[in-house]
Peer 1: 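One structure coming up, written as structure tokens, with questions to follow.
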Amino acid sequence: MTSQSYWSPLVRELVPYIPGEQPKVANLIKLNTNENPYPPSPLALSAMQAAVNDDLRLYPDPDATALKQAIANYYGVEHNQVFVGNGSDEVLAHAFMSFFKQNQPILFPDISYSFYKVYAGLYEVDYKTIALNAQFQINVEDYQQPNGGIIFPNPNAPTGCLLPLLEIEKLLQANPNTVVIVDEAYIDFGGQSAISLVKQYPQLLVTQTLSKSRSLAGLRVGLAIGQAHLIEALERVKNSFNSYPMDKVAIAGGVAAFEDKAYFQQTCQAIIDDRTWLTEYLESLMGFEVLPSAANFIFARHLRHDAEKIALALREQAIIVRHFKQPRIEQFLRITIGKRQDNEALVTALQSIC
Ligand SMILES: *Cc1c(COP(=O)(O)O)cnc(C)c1O
């Protein structure tokens, strides 16, 4: 017997996703996993504290109606056009199972969120990657080919580049017969959401997360918005998997996070301002090329220094950024926008390295 002989054939073939590291070291400047440097909304924190009470002996609402309604109110859609899950990763997994079991390969960019390949493996969905152009942008014409579905992040990860809404609309018009998923994990940092297109396009599903722009990565809340017939498919999969993915604390915190618009706008704006500052500094004073970013991170390469070496040297100074050993992007670093003092410490460290 080998150690894997009890495993199913599918599990033997799986190549799981590797999340960015969460080192258990204090005083590290952590710019590697696109977490928000600001704390969650104080209103969300007190709502969650209030939810920790004797009622936790009871199961939560399996529909998470209060959370769906808060999201529906925020975006001006109906309750039955909202799906919620345990992080948008779970929402995406259910979406792969709901929509992508087709007889054609699904399409996504060659440089993109690496979880898509993992879900394709888990659900045995064929895929074909479409190369970003030389500017690392999505060209929607390249997606006009037979497919079992299309998925891409907007802004894209790890490039940070935004695809304008008009281009998304072109793609939807050319592709009416299979589901198009726009993964908007970073949309609140300067992009326009495709949720405004949902009423016109029955094949459009938009996913978002509270992990990045709402500082709640630890809570695990994600969502999808689409026409009711798409949401119904997601509910069928969810109710065949786990009736209660949203716990009572997550529902309470999620509702309050959507209600506290002022805090949300203020923290997003601070990150956008610091992204502008860091981009200009790296480009004009330090010899970096920075792709135009609409996210809470930048994707940058130095014109003379090797990216992996820079990443290692930063680590020696207790700053971690993300480097991908992947063709086309091995000379780039993905750097999460931190608080102003973190970004300044990064610049100081880079000055000593480069
Ligand atoms: C972070 C991220 C997610 C997942 O977010 P969770 O809600 O924390 O699971 C999904 N898609 C992209 C592109 C991301 O960067």
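Nothing fancy with the numbering, it's 1 onward along the sequence. All ligand and atom numbering here is 1-based and tracks the order in the structure.
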Peer 1: Atom CD1 in I337, atom CG in L346: separation rounded to 0.5 Å?
Peer 2: 9.0 Å
Peer 1: Just which atoms of ligand 1 are under 4.0 Å from any heavy atom in G87?
Peer 2: 7 (O), 9 (O)
Peer 1: Can you sort out which atoms of ligand 1 are near D183, meaning under 4.0 Å from one of its heavy atoms?
Peer 2: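 So the atoms of ligand 1 that pass are 10 (C), 11 (N), 12 (C), 13 (C).
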Peer 1: Measuring centre to centre across the rings, with the benzene-like ring taken for any Trp, is F152 within less than 6.0 Å of F108?
Peer 2: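 Distance test on ring centres: not under 6.0 Å, no.
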Peer 1: Please table the atom pairs, donor to acceptor, closer than 3.5 Å between any side-chain atom in residues 51-60 and protein atoms at least two apart or in another chain.
Peer 2:
residue	atom	partner	partner atom	Å
N53	OD1	D55	N	2.8
N53	ND2	A50	O	3.1

Peer 1: To check your reading of the model: name the closest protein heavy atom to atom 1 (C) of ligand 1, its residue, and the distance in Å.
Peer 2: K212 NZ, 1.4 Å
Peer 1: Report yes or no: does E90 have a heavy atom closer than 4.0 Å to ligand 1?
Peer 2: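 E90 does not count as a contact of ligand 1 under the 4.0 Å cut-off.
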Peer 1: Does D89 reach ligand 1 with a nitrogen or oxygen that is under 3.5 Å from one of the ligand's nitrogen or oxygen atoms?
Peer 2: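 Yes, D89 has an N/O under 3.5 Å of an N/O on ligand 1.
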Peer 1: Testing D61, I251, L223, V82 for side-chain contact (heavy atoms from CB on, under 4.5 Å) with L67, which one passes?
Peer 2: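 Exactly one option meets the side-chain contact (heavy atoms from CB on, under 4.5 Å) with L67, and it is I251.
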Peer 1: Considering P158, S88, G222, P153 one by one, which has a heavy atom nearer to atom 6 (P) of ligand 1 than any of the others?
Peer 2: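 Going through P158, S88, G222, P153 one by one, S88 has the nearest heavy atom to atom 6 (P) of ligand 1.
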Peer 1: Going by atom types only, do K212 and T209 share a side-chain donor-acceptor pair under 3.5 Å?
Peer 2: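 K212 vs T209: no donor-acceptor pair found between side chains.
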Peer 1: Could you list which atoms of ligand 1 come closer than 4.0 Å to a heavy atom of A185?
Peer 2: 2 (C), 11 (N), 12 (C), 14 (C)
Peer 1: Is it the case that ligand 1 has an N or O less than 3.5 angstrom from some N or O of Y116?
Peer 2: no
Peer 1: Counting only heavy atoms closer than 4.0 Å, does ligand 1 sit against the backbone of Y186, its side chain, both, or neither?
Peer 2: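 Just the side chain.
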Peer 1: Taking the side chain as C-beta and beyond, is there a heavy-atom pair between T336 and N32 under 4.5 Å?
Peer 2: no
Peer 1: Before we go on, tell me: are the rings of Y281 and F288 under 6.0 Å apart, centre to centre?
Peer 2: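 Judged by ring-centre distance (under 6.0 Å), Y281 and F288 do not meet the cut-off.
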Peer 1: Under a 4.0 angstrom heavy-atom cut-off, which atoms of ligand 1 come close to R220?
Peer 2: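 By the 4.0 Å cutoff, the relevant atoms are 6 (P), 8 (O), 9 (O).
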Peer 1: Determine yes or no for a side-chain-to-main-chain donor-acceptor pair under 3.5 angstrom, with N296 supplying the side chain and N36 the backbone.
Peer 2: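 No, the answer is negative, given that no donor and acceptor are paired below the 3.5 Å cut-off.
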Peer 1: For S211, counting its heavy atoms only, list the atoms of ligand 1 lying under 4.0 Å from any of them.
Peer 2: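 This gives 6 (P), 7 (O), 8 (O) as the contact atoms.
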